[in-house]
Structure formats: structure tokens, C-alpha cells
Colleague: 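I am attaching a structure below and will ask some questions about it afterwards.
In this text, all values refer to a predicted model and were calculated from it rather than measured experimentally. All residue numbers refer to positions in the sequence shown, counting from 1.
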Amino acid sequence: MSDVTTTDLYEVTMALSYLLEDMSRPATFSLFVRDLPSERGFLVSAGIEPALDYLSAFRVTPSDVEDFASALHRPYADLSPLCGMTFTGEVRAVPEGRVVFAGEPLLEVTAPLAEAQLVETFLLNQVSHQTAVASKAARSVLAAAGRPVVDFSLRRTHGTSAGMQAARTAALTGFAGTSNVAAAVRWGLPASGTMAHSYVEAFPDEEAAFRAFARAHPGPVTFLVDTYDSVRGVRTAARVLRDLGRGPGCAVRLDSGDLGDLARRARAELDRSGLPGVRVVASGGLDEYGVDTLVRSGAPIDVYAVGTRVGTSADAPYLDSAYKLVEYDGRPVMKLSSAKVTSPGRKQVFRRPGGDDVIALRDEPGPAGAEPLLRTVMRDGRRLGPPDTLPQGHARLTADLAGLPADAVRVRAPRPARAVFSERLSELTADLSDRLRS
């Protein structure tokens, strides 16, 4: 089963009809998020590079046509006009790691109408999910206030592919590592992990478990100390580490209970044992809200491991994203449905230091000193340069976050910055709306 057939059926039926009607002129579709979730002051562009990988490899094969025909209960010959289709268009996108706001295109696709239509579902899936998770992950990094954050989400993400995307977007936003071995290998990320409670339970007691684990792993180790009693577990871990001459680089992990109080007690036990270099790691149902509470309380936690809530973007698990036709054959188009009105025409987004972003028409000059966010990354179906790296995306995010108002980046009750329409775009939207309603 190829990625080409990972699409909604109506993309196939529309694309086929366009071909049969000889509607093959260039069409531009804009992918954007209508409104930010209530607890988001910003979004982080993500999923762009995987989307470009998909478009670069896009080709409808005879096998794909057979699958389309089977789904529609029609003969192969009826769907054969789709066979051999490749993506030959242009893509303009906001690079990964850039901060974006409601209404701003994350990417625009311009291609023959059937091509641009058939890729809609896959592009929306990639960009929507990864932007949602990246935005949640970025908030976790902000909440940690400089302390390392590690991705532990794989076991509860909505499928292993989502787990890979979560690890990737977490790295994009500045996470220090991931428990996901496949992701660590694929993207060169630090792999991070300790032990499970089952490991400790398999031995006669905690000390036997810790010593066995240390024998198997001669480097720095992290002991999970809350299987039975957390404070007693820290004492046992400290005794084993001291006996083995281990210290700096090692850690104890707290995974349940009052993490703030337990971290203070753990830190005191480790310091009394002469192990100031042993770190305290906290995990267990954490996201930016829990991390923010712990950091603000002064809890002596050195590393935060976040999993389920971040990997699934639990408080905002989806984005109100859309992929809408804005121009066909040089003719601006728009949608007038109640509460889902779109703006016509190909666009550019300009970022002004200290001011609102401006959503403008593509050929408009930007305001003085403004930076255009959308850049051309594909032409004639081919990338114009090498894929961006995760460190490049992270550098962009760091710079963008530094330029946001404090109330947009705060964890609780953020106030999102906004984007405004240029005068020309506003005029075109109003004029076309009037014509369509008349």
C-alpha cells in the first residue's frame, strides 16, 4: 500500500473528474490553521520536510490505480487517467521551526488542479499533526526554563508513526533526547532511558536490581526509585552508587507521587551521601503545565521526561486546519460558508519586528523592515535545495520565540499575537465576496 492511496476518497473522485473535464490549469491551494486552540499563544511550523519528501516521491502507479478502482467498485479502465501522475508543481512554505499564527499559510501548493487536489489529505495530515505536537513540545521547553526535557511518548502516541513524528518535532523544539530508539538512530538524537518498575520487581529487592543494572551498564546509570517507597529507593540508589564509585552522570528517577516534595527529599539524601553530581529526573504524566508548576515551586529537578500528554498534544489534540483553493487559472477564488470564509489569492506573510504579522497577496511589497515567511522550496516538482535539518529549525524557533510578547509565550492563559490583512488583500476579499453574493 503506497502513500499515494493514503488519501480521502473524494480527492480521487475530484481529481479524476478534473482530468476528464480537461481542467488542468494551475491551481493554488493554501494550507493554514483557522483559529488557535484556546491555550496556545503561537504555533510552530512542522511537518514541512516530510510533506516535501512525499511530494518529491509522488507517483500514481498501476497498483495505486487498482486500489482506487477497487475502492470505487469500478473497472481499472475508468480510473486509468490517473495512472502515471506525478507532482510537477511549486511549493512555497514557512520553514520548520518558525512561529506562525491563525490564518497564516504554512504552505501554498501551485500545480495542475488534479495534482494539487490529490495530495491534499496527506499534506494536511503531516503538517497538522506535527505542528500541533511541536507547539505543545515548544511550550514544555519554555516551561522547563533551561532544564533538559526528554521525550518518553512512544508507548502512548496514536500509532508508531505518530511516535516517530513526536520524537522528531520534540527535537525540533529543543528536547534533549528521546526514548524512541528508531527516532534516535534516524535523526541522530540522544537516546534516553532507564528501567521499568517490572525490572525492579523481578529481583528480590531494589538493591539487587540496582546492582544488576549497574553491572550490565558500566557507564552512567539512572535508577527508578519509586517502585516501593521513593525516599527509601533514593537511599538504596545512593548506597549502590557510592559503593560502586559512580556519581556524576548518574541519576535517580521519580515517576509518581508529589514530585516536588519527593525531589527535595531525594536531593537532600543524595547530597548527604556525598553525591551532589547525581541528578534528579522527574516523569509521570507531565506536560508544560506540570513542569511549570514544579519549576515555579523551586523543585530541585534536573531533567524532565514528558510522554503521553505531550506526544498526543493532550489538551489540544487537533488543529482547525484547512487546505483551500485560493486561485485557479489566474482567477482568485474564495469560500463564503458561514464561519469558514476564506481569503482569495496567492499569499505572502510578512513579519514586522514589534508589530502584527501582515498577510498579503504574493506580489505585494512588504512593509518596511518586514521579513517574508513563505519561501519557494519546490519548483517543477523538485526541491530547490537540501532538506532543512532539525538544528536549523530549532535555531529559527529560538529566534522567533525571543521576539514574541511575554503574554504569548506564557504557559497559562496565553494571549496569541495576531496577523492582519494587507489593504490590497482586504479589498480583493471584499470585492470578490460582493460579486459572489450578488
Colleague: In this structure, are over 12 heavy atoms from other groups packed under 6.0 Å from R352 atom CZ?
Modeller: yes
Colleague: Does the side chain of L294 reach to within under 4.5 Å of the side chain of Y304, using non-hydrogen atoms?
Modeller: yes
Colleague: Would the distance check show the side chain of S313 and the main-chain N or O of V310 forming a donor-acceptor pair, the cut-off being under 3.5 Å?
Modeller: no
Colleague: Backbone N or O of E96 within a donor-acceptor pair of the R396 side chain at under 3.5 Å?
Modeller: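 Yes; at least one donor-acceptor contact below 3.5 Å.
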Colleague: Any salt bridge linking D53 with R383? Criterion: basic side-chain nitrogen under 4.0 Å from a carboxylate oxygen.
Modeller: yes
Colleague: Ignoring hydrogens and geometry, is there a side-chain-to-backbone donor-acceptor pair from R253 to M195 under 3.5 Å?
Modeller: yes
Colleague: Mark yes or no for whether S337, through its side chain, and K340, through its backbone, hold a donor-acceptor pair below 3.5 Å.
Modeller: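 Side chain of S337 to backbone of K340: no pair is present.
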Colleague: Under the rule for side chain to side chain donor-acceptor pair (under 3.5 Å), what residues qualify as partners of D320, not counting sequence neighbours?
Modeller: R34
Colleague: Determine, for E371 against R351, whether the closest basic-nitrogen to carboxylate-oxygen distance falls under 4.0 angstrom.
Modeller: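 No, this pair does not count.
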Colleague: Test your reading of the model: is there a side-chain donor-acceptor pair from N180 to the backbone of A183, 3.5 Å cut-off?
Modeller: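 The answer is yes, because a donor-acceptor pair under 3.5 Å joins these two groups.
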Colleague: Does K347 come within less than 4.0 Å of E364, counting only side-chain N to carboxylate O?
Modeller: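 Judged by the 4.0 Å cut-off on N to carboxylate O distance, K347 and E364 do not form a salt bridge.
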Colleague: Going from CG on L172 to CG on L397, what distance comes out if it is rounded to the nearest 0.5 angstrom?
Modeller: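 The CG atom of L397 is 6.5 Å from CG of L172, to the nearest 0.5 Å.
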Colleague: Can T5 and D64 be counted as having a side-chain donor-acceptor contact under 3.5 angstrom?
Modeller: no
Colleague: Begin with the C-alpha distance, continue with both residues' side-chain angles, and end with the deciding distance and a verdict on side-chain contact (heavy atoms from CB on, under 4.5 Å) for F68 and V4.
Modeller: CA-CA 10 Å; F68 291 152; V4 168; 3.9 Å; yes
Colleague: Ignoring hydrogens and angles, state whether a donor on the side chain of T293 or R412 is under 3.5 Å from an acceptor on the partner side chain.
Modeller: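 Yes.
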Colleague: Look at the side chain of S17 and the backbone N and O of T13, then say whether any donor-acceptor pair between them is shorter than 3.5 Å.
Modeller: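 Between the backbone of T13 and the side chain of S17 there is no qualifying donor-acceptor contact (under 3.5 Å).
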Colleague: When the aromatic ring centroids of Y199 and F213 are compared, is their separation below 6.0 Å?
Modeller: yes
Colleague: Can you see whether T376 engages E90 through a side-chain donor-acceptor pair at a distance of less than 3.5 angstrom?
Modeller: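 Looking only at side-chain atoms, E90 and T376 do not form any donor-acceptor pair under 3.5 Å.
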Colleague: Just by distance, do the side chain of S70 and the backbone of D67 share a donor-acceptor pair under 3.5 Å?
Modeller: no
Colleague: Can you give me the closest heavy-atom contact between G284 and D255, atom names plus distance?
Modeller: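 For G284 and D255, the tightest heavy-atom pair comes out as N-OD1, 3.4 Å.
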Colleague: Working to the nearest 0.5 angstrom, can you tell me the gap between L123 CG and T121 OG1?
Modeller: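 Result: 9.0 Å between the selected atoms.
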Colleague: Looking just at side-chain N and O atoms, do R139 and Y289 make a donor-acceptor pair shorter than 3.5 Å?
Modeller: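 Yes.
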Colleague: Side chains of T194 and T222: any donor to acceptor distance under 3.5 Å?
Modeller: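 No pair is found: no donor N or O on one side chain lies under 3.5 Å from an acceptor on the other.
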Colleague: If you look at every heavy atom in L374 and L107, which pair is closest and at what distance?
Modeller: CD2-CA, 4.2 Å
Colleague: Given L373 and R98, is the side-chain contact (heavy atoms from CB on, under 4.5 Å) satisfied, shown in steps?
Modeller: CA-CA 8 Å; L373 297 189; R98 297 303 306 255; 3.5 Å; yes
Colleague: Do M164 and W187 have side-chain heavy atoms sitting under 4.5 Å apart?
Modeller: yes
Colleague: Salt-bridge test for D302 and R267: reply yes if a basic N is under 4.0 Å from a carboxylate O, no otherwise.
Modeller: yes
Colleague: So which heavy atom on R410 is nearest to which on P414, and how close?
Modeller: O-CB, 3.5 Å
Colleague: With a 4.5 Å cut-off on side-chain heavy atoms, are V326 and M334 touching?
Modeller: no
Colleague: Count the heavy atoms belonging to other residues, nucleotides or ligands that lie under 6.0 Å from CZ of R362, then report whether that count exceeds 12.
Modeller: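 Yes, enclosed.
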Colleague: Any chance you could measure C83, atom SG, to Y76, atom OH, to the nearest 0.5 Å?
Modeller: 4.0 Å
Colleague: Can you tell me how far apart CD (E49) and OG1 (T389) are? Round to the nearest 0.5 Å.
Modeller: 9.0 Å
Colleague: Is any side-chain N of the basic residue among R435 and D431 closer than 4.0 Å to the acidic one's carboxylate O?
Modeller: no
Colleague: Would you say L55 and M378 make side-chain contact, with heavy atoms under 4.5 Å?
Modeller: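 Yes, their side chains come closer than 4.5 Å.
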Colleague: Determine, for D363 against R424, whether the closest basic-nitrogen to carboxylate-oxygen distance falls under 4.0 angstrom.
Modeller: yes
Colleague: Could you please spell out the steps behind the side-chain contact (heavy atoms from CB on, under 4.5 Å) verdict for L82 and L19?
Modeller: CA-CA 8 Å; L82 293 167; L19 293 176; 3.6 Å; yes
Colleague: Look at K136 together with D287 and state whether they make a salt bridge at an N to O cut-off of under 4.0 Å.
Modeller: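 Result for this pair is yes, salt bridge flagged.
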Colleague: Let me confirm one number: the OG-CD distance from S422 to E427, rounded to the nearest 0.5 Å.
Modeller: 8.5 Å
Colleague: Mind running side-chain contact (heavy atoms from CB on, under 4.5 Å) on L43 and F101 for me, showing each step along the way?
Modeller: CA-CA 6 Å; L43 297 175; F101 304 108; over 6 Å; no
Colleague: Any side-chain heavy atom of V149 sitting closer than 4.5 Å to one from V291?
Modeller: no
Colleague: Any side-chain heavy atom of H394 within less than 4.5 Å of one from L390?
Modeller: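 No; the side chains remain at least 4.5 Å from each other.
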Colleague: Side chains of E108 and T28: is there a donor and an acceptor less than 3.5 Å apart?
Modeller: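 No.
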Colleague: Distance check, rounded to the nearest 0.5 Å: T131 atom OG1 versus Q126 atom CD?
Modeller: 10.5 Å
Colleague: In the structure I gave you, are the side-chain heavy atoms of I301 and V281 within less than 4.5 Å of one another anywhere?
Modeller: no
Colleague: Please find the pair of heavy atoms, one from P300 and one from V280, that lie closest to each other, and give the distance.
Modeller: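 Looking at all heavy atoms of both residues, the closest pair is O-CB, 3.7 Å.
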Colleague: Between R379 (side chain only) and R382 (backbone N and O only), is there a donor and an acceptor less than 3.5 Å apart?
Modeller: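 Checking the backbone N and O of R382 against the side chain of R379, no donor-acceptor pair under 3.5 Å is found.
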Colleague: Side chain of S433, backbone of A430: donor and acceptor closer than 3.5 Å?
Modeller: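 No, because the side chain of S433 does not come within donor-acceptor range (under 3.5 Å) of the backbone of A430.
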Colleague: Give a yes or no on whether a salt bridge exists between R74 and E66, defined as a side-chain N under 4.0 angstrom from a carboxylate O.
Modeller: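 Salt bridge: no.
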Colleague: Minimum heavy-atom separation for S256 to L262, with atom names?
Modeller: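 Here S256 and L262 meet closest at O-CD1, 3.3 Å.
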Colleague: Apply side chain to side chain donor-acceptor pair (under 3.5 Å) to the pair T169 and Q130, showing each step before the final yes or no.
Modeller: CA-CA 6 Å; T169 57; Q130 293 182 61; 5.9 Å; no
Colleague: Decide yes or no on side chain to side chain donor-acceptor pair (under 3.5 Å) for E201 and T227, but give the supporting numbers first.
Modeller: CA-CA 8 Å; E201 293 165 354; T227 303; 5.8 Å; no
Colleague: On a heavy-atom basis, which atom in L425 and which in P344 lie closest, and how many Å separate them?
Modeller: CD1-O, 3.5 Å
Colleague: Tell me which pairs pass ring-ring contact (aromatic ring centres under 6.0 Å, His included) where either residue lies in residues 127-183, with sequence neighbours left out.
Modeller: none
Colleague: Output yes when a side-chain donor or acceptor of S135 lies under 3.5 Å from a complementary backbone atom of V44, and no otherwise.
Modeller: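 Yes; at least one donor-acceptor contact below 3.5 Å.
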Colleague: In the structure I gave you, are the side-chain heavy atoms of V358 and V349 within less than 4.5 Å of one another anywhere?
Modeller: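 No, side chains not in contact.
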Colleague: Going by an N to O cut-off under 4.0 Å, is there a salt bridge joining R40 and D315?
Modeller: yes
